[in-house]
Amino acid sequence: MGACATAVPGIYTEPKAGFANISSQVTPAIGKRTVFAETQAENEALKKQVHAMVHRKTISADTAVQVALLNNKGLQASYANVGLSAAEAWQQSTPENPIVSIGVLGIGAPELGAYRAIEGLIRSNVLDATTRKQRMAIADASFRQAQLNAVNDTLALANQTRKAWVDAVAAFEAVSYLRRAKATSDAGSELAMRLGETGALNKAGQAREQAFNAELAGQLAQARLNATRSKEALTRLMGLWGTEVDYYVPDALPALPRSVGRVTDIEAKALRNRVDLRVAKLGLEAQAKAFGLTDQTRIVSDLEFIAGFEAEREIEDGETETVTTPQVEVEFAIPIYDTGKARMRKAELSYLQAANVLAEKAVNVRSEARGAETSYHAAYKIARHYRDVLVPLRTTVEEEGLLSYNGMITNTFELLTDVREKLGASLEAANAKREFYMAQADLTAAIYGGGEGGGGAGGEGATLAAGGGAGH
């Protein structure tokens, strides 16, 4: 068998093999760069960049995503897996090393005319040579699949980080509204206590105001805890620790855009761009190649070729005679029990399984794209309704209540109720705005990939406690 090295495709032996392809697909999708750091110097350079971006600074969603792509170690592990896949393809492209064995046999003492025999064998696996092309094709498909998996991991991290940032900012915005509501409630509770001391307010009225104040105190404490957890989830995705956790997020989400447009041909865009769909296609391709490989090797899967020689040396009467005998052996398993039909059946079913997985993925991608666009526009309309209708109405009620109070037409508790209801409406508007930005992130993920089920890291938004006339 020929043991010379075959030409190895250069892409497998390149430093950071496959990473350029990953970067070229990530940047157009999300507009951010990503880096594969292999050396200490590269890691130190990234650490300095991250420090300059976050330390004691208020970060935007784009900054959070960029930091995560540069600093998340799980993502770096995904990139390293691409390198491992390239190394495997490289190894598959190299012929298997032959096995050489040499033995010396001797009978009797040399001075008495000893018999000497030298035996040499070279063993090579025939299957390695005959199936190398197919195995290289499978390894190449796995290499490309690893690249797409890394792209999907990158998009998923970007999407998770953006949603975590939205969730953290929304949580702190909820805290600010609840803090203002608590200040109003404190004033109402204090007034109720003073009026109770003078006999102007009965115990039921006092208890009502104090109960509402107590409920609101619990809600505010829970909102602060949610904000802390949400920020910690964001910190974890960005891979920050030590002094790098000393960063800030804004106190409120950005204002809603003036309008949002329709995404034309969203299903076609998703089918064309979704990375997980391309991963499934490569899985089908790998199964097809494995099927061909199984078909070719169904009988000779255990075949080995052995070539060698045997050299015999005999010393007699001071003369040496050497006889060399070539040897060729073929070893293989006789397919009496396993004729390869079981392996063929497994290959056929594996291919069928991959084909159905791909078909299901295509159906799901279409559905996710339609659902994401519907949710995006619905969330925008709901958020605008709260902003343009409910909050202005509650503001009018509060302003008119203040005029009535100044004219001594209404009492203080009615005025406080109006203020609470206005704050409650503002909080609901903030929650609706959060849902819009979450839906916006999901829309991008539905087109390019990297989406996940469920909402953000912090769960449901906060609402004002029911009671004291502020039931929402």
Closest heavy-atom pair and its distance - [X], [Y]:
X      : Y      : value
Thr395 : Lys422 : OG1-CE, 3.4 Å
Arg278 : Asn273 : NH2-O, 3.7 Å
Val82  : Ala150 : CG2-CB, 3.7 Å
Val169 : Pro250 : CG1-O, 3.6 Å
Ile382 : Ala432 : CG2-CB, 4.3 Å
Val151 : Val275 : CG1-CG2, 3.6 Å

[X] versus [Y]: any side-chain heavy-atom pair under 4.5 Å?
X      : Y      : answer
Leu69  : Val35  : no
Tyr247 : Leu234 : yes
Arg434 : Val166 : yes
Val263 : Ile447 : yes
Tyr248 : Val54  : no
Leu240 : Val50  : yes
Leu256 : Phe436 : yes
Asn213 : Leu216 : no

From [X] [atom1] over to [Y] [atom2], what is the distance, rounded to the nearest 0.5 angstrom?
X      : Y      : atom1 : atom2 : result
Ile59  : Met238 : CD1   : CE    : 4.0 Å
Ile30  : Asn159 : CD1   : CG    : 9.5 Å
Arg229 : Thr235 : CZ    : OG1   : 15.0 Å
Tyr177 : Asp251 : OH    : CG    : 11.0 Å
Glu421 : Leu393 : CD    : CG    : 12.0 Å
Ile22  : Lys16  : CD1   : NZ    : 11.5 Å

Do [X] side-chain atoms and [Y] backbone N/O form a donor-acceptor pair below 3.5 Å?
X      : Y      : value
Asn72  : Leu75  : yes
Thr27  : Ser23  : yes
Asn43  : Thr39  : yes
Lys231 : Phe172 : no
Gln76  : Ala37  : yes
Ser367 : Val363 : no
Tyr380 : Ser259 : yes
Thr161 : Val65  : no
Tyr437 : Arg162 : no
Glu244 : His55  : no

Could you tell me whether the side chains of [X] and [Y] share a donor-acceptor contact shorter than 3.5 Å?
X      : Y      : value
Gln222 : Asn226 : yes
Glu215 : Gln219 : no
Ser426 : Tyr386 : no

### Task
Dump the intermediate steps for side-chain contact (heavy atoms from CB on, under 4.5 Å) on Gln25 and Gln147, then the final yes or no.
CA-CA 10 Å; Gln25 295 185 64; Gln147 292 177 64; 5.7 Å; no

### Query
Taking atom CD of Gln353 as the centre, does the number of heavy atoms from other residues, nucleotides or ligands within less than 6.0 Å exceed 12?
no

### Task
Using the six-membered ring wherever Trp is involved, compare the ring planes of Tyr79 and Phe36 and label them parallel, tilted or perpendicular (cut-offs 30° and 60°).
perpendicular

### Task
Take Trp165 and Asp62, measure what side-chain contact (heavy atoms from CB on, under 4.5 Å) needs, and give me the verdict at the end.
CA-CA 9 Å; Trp165 182 90; Asp62 287 337; over 6 Å; no

### Message
Could you walk me through whether Leu284 and Tyr351 satisfy the side-chain contact (heavy atoms from CB on, under 4.5 Å) test, starting with their C-alpha distance in whole Å, then the side-chain angles of each, then the deciding distance to 0.1 Å, before giving a yes or no?
### Response
CA-CA 7 Å; Leu284 182 62; Tyr351 181 82; 3.6 Å; yes

### Message
With side-chain contact (heavy atoms from CB on, under 4.5 Å) as the criterion, how do Val67 and Leu70 come out once you've worked through the C-alpha distance, each side chain's angles and the decisive distance to 0.1 Å?
### Response
CA-CA 5 Å; Val67 169; Leu70 297 178; 5.9 Å; no

Taking 4.0 angstrom as the limit, do [X] and [Y] come out as a salt bridge?
X      : Y      : answer
Glu44  : Lys47  : no
Arg274 : Glu368 : yes
Glu173 : Lys433 : yes
Asp167 : Lys163 : no

### Message
Would Lys269 and Tyr448 count as a cation-pi pair here, with the cationic atom under 6.0 angstrom from the ring centre and within 45° of the axis?
### Response
no

### Task
Would you mind telling me which of Arg144, Gln145, Lys361 makes a side-chain contact (heavy atoms from CB on, under 4.5 Å) with Val279?
Gln145

